[in-house]
Amino acid sequence: MTPSTVDRWLLVGGLVAALAAAGCGTVPGTAVPAPTTTTTTTTAPPPTAADGADYAACADGTCEVALTGPVDIAVGSSTGPGTFKVLAVREDGIEFDVDLPHSGGHGTLKGYCTLTFTPGGGGSRCSNQPLPPPQPQTGVLAVQLVGVTGGTAVVRLVTG
């Protein structure tokens with residue numbers, strides 16, 4: 001070998017050693033461990049109802065009850081008795097019927113919404129975050145979905 005060939009081999013050997021030391025290559029017989037990631041998931045606690053499944057608590061005008069399936073709930077108001085009928089609990093809300101002396105309706109309640117049923121009409125208020133409990137108003141039934149988890153919906157019913 002001539003000096004220029006020796007110099008080239010030394011240069012190539014030095015580059016290979018430098019690249020291996022810098023992590024840009026591998027040295028035969030060694031393994032580079034794979035990066036690891038850890039995923040943590042949290043589940044929101046299920047909503048709890050102040051009155052549990054005591055639907056009779058709604059007769060006095062204000063209740064917060066847990067629903068797992070179809071049920072008829074008697075509600076009282078200043079305009080007379082009525083019925084809030086839960087037809088189904090879905091994973092994202094409830095399907096219902098309302099029968100009041102002055103109004104009624106059928107629908108689906110989802111998300112952070114409050115529905116109001118008034119003589120001759122009604123309305124809704126929705127948000128992207130939980131709403132405060134509705135306040136009693138004369139002649140009004142307010143229905144608010146607190147949350148749905150694991151097949152149980154929590155609903156507030158407020159009459160005035």
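Because only heavy atoms are used, hydrogens play no part in the values below, and waters and symmetry mates are left out as well, while side chains stay in. We count residues from 1, following the sequence as given.
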Qualifying ring-ring contact (aromatic ring centres under 6.0 Å, His included) pairs with a residue from residues 65-92, counting only residues at least two apart or across chains: F84-F96
Backbone N/O of A66 and side chain of Y55: donor-acceptor pair under 3.5 Å: yes
Inter- and intrachain pairs under salt bridge (Lys or Arg N to Asp or Glu O under 4.0 Å), touching residues 138-150, at least two apart: none
Pairs where residues 135-152 contributes a residue and the test salt bridge (Lys or Arg N to Asp or Glu O under 4.0 Å) is met, not counting sequence neighbours: none
hydrophobic_cluster_shared for V71 and V158, side chain cutoff 4.5 Å: no
Nearest-0.5 Å distance, CD1 of residue I73 to CG of residue L157: 5.5 Å
Separation of L67 CG from I94 CD1 (nearest 0.5 Å): 6.0 Å
Residues that R90 engages under salt bridge (charged side-chain N to carboxylate O under 4.0 Å, His left out), provided they are two or more places apart: E95
Summary of ring-ring contact (aromatic ring centres under 6.0 Å, His included) pairs that have at least one residue in residues 120-160, sequence neighbours excluded: none
side-chain contact (heavy atoms from CB on, under 4.5 Å) evaluation trace for V65 with D54: CA-CA 7 Å; V65 292; D54 181 10; 5.8 Å; no
Stepwise side-chain contact (heavy atoms from CB on, under 4.5 Å) test for L87 and D97: CA-CA 7 Å; L87 304 175; D97 277 330; 3.6 Å; yes
Min side-chain heavy-atom separation V143-L109 under 4.5 Å: yes
Inter-residue atom distance L145.CG - T108.OG1, 0.5 Å rounding: 11.0 Å
Partners passing salt bridge (charged side-chain N to carboxylate O under 4.0 Å, His left out) against D92 (at least two apart in sequence or in another chain): K110
Pairs where residues 138-157 contributes a residue and the test salt bridge (Lys or Arg N to Asp or Glu O under 4.0 Å) is met, not counting sequence neighbours: E64-R156
For the student: nearest non-hydrogen atoms of T114 and A142, plus distance: CG2-CB, 4.2 Å
Single-linkage hydrophobic cluster, 4.5 Å side-chain cutoff, V98 and V89 together: yes
Residues that F117 engages under ring-ring contact (aromatic ring centres under 6.0 Å, His included), provided they are two or more places apart: none
Of all pairs that satisfy salt bridge (Lys or Arg N to Asp or Glu O under 4.0 Å), the ones with a partner from residues 128-145, not counting sequence neighbours: none
Flag, side chain of T159 to backbone of G76, donor-acceptor distance under 3.5 Å: yes
Contacts of S124 that satisfy side chain to side chain contact (heavy atoms under 4.5 Å, CB included) - sequence neighbours left out: L115
For T83, all residues meeting side chain to side chain contact (heavy atoms under 4.5 Å, CB included), sequence neighbours excluded: D72, K85
Donor-acceptor contact present, side-chain D60 to main-chain T62, <3.5 Å: yes
Smallest separation among heavy atoms of G69 and V86, with atom names: O-CG1, 3.8 Å
Considering only distance and modelled atom types, tabulate donor-acceptor pairs under 3.5 Å from the side chains of residues 126-140, sequence neighbours left out.
{"residue": "S127", "atom": "OG", "partner": "Q129", "partner atom": "N", "Å": "3.2"}
{"residue": "S127", "atom": "OG", "partner": "Q129", "partner atom": "O", "Å": "3.3"}

Sub-4.5 Å side-chain heavy-atom contact between V154 and V148: no
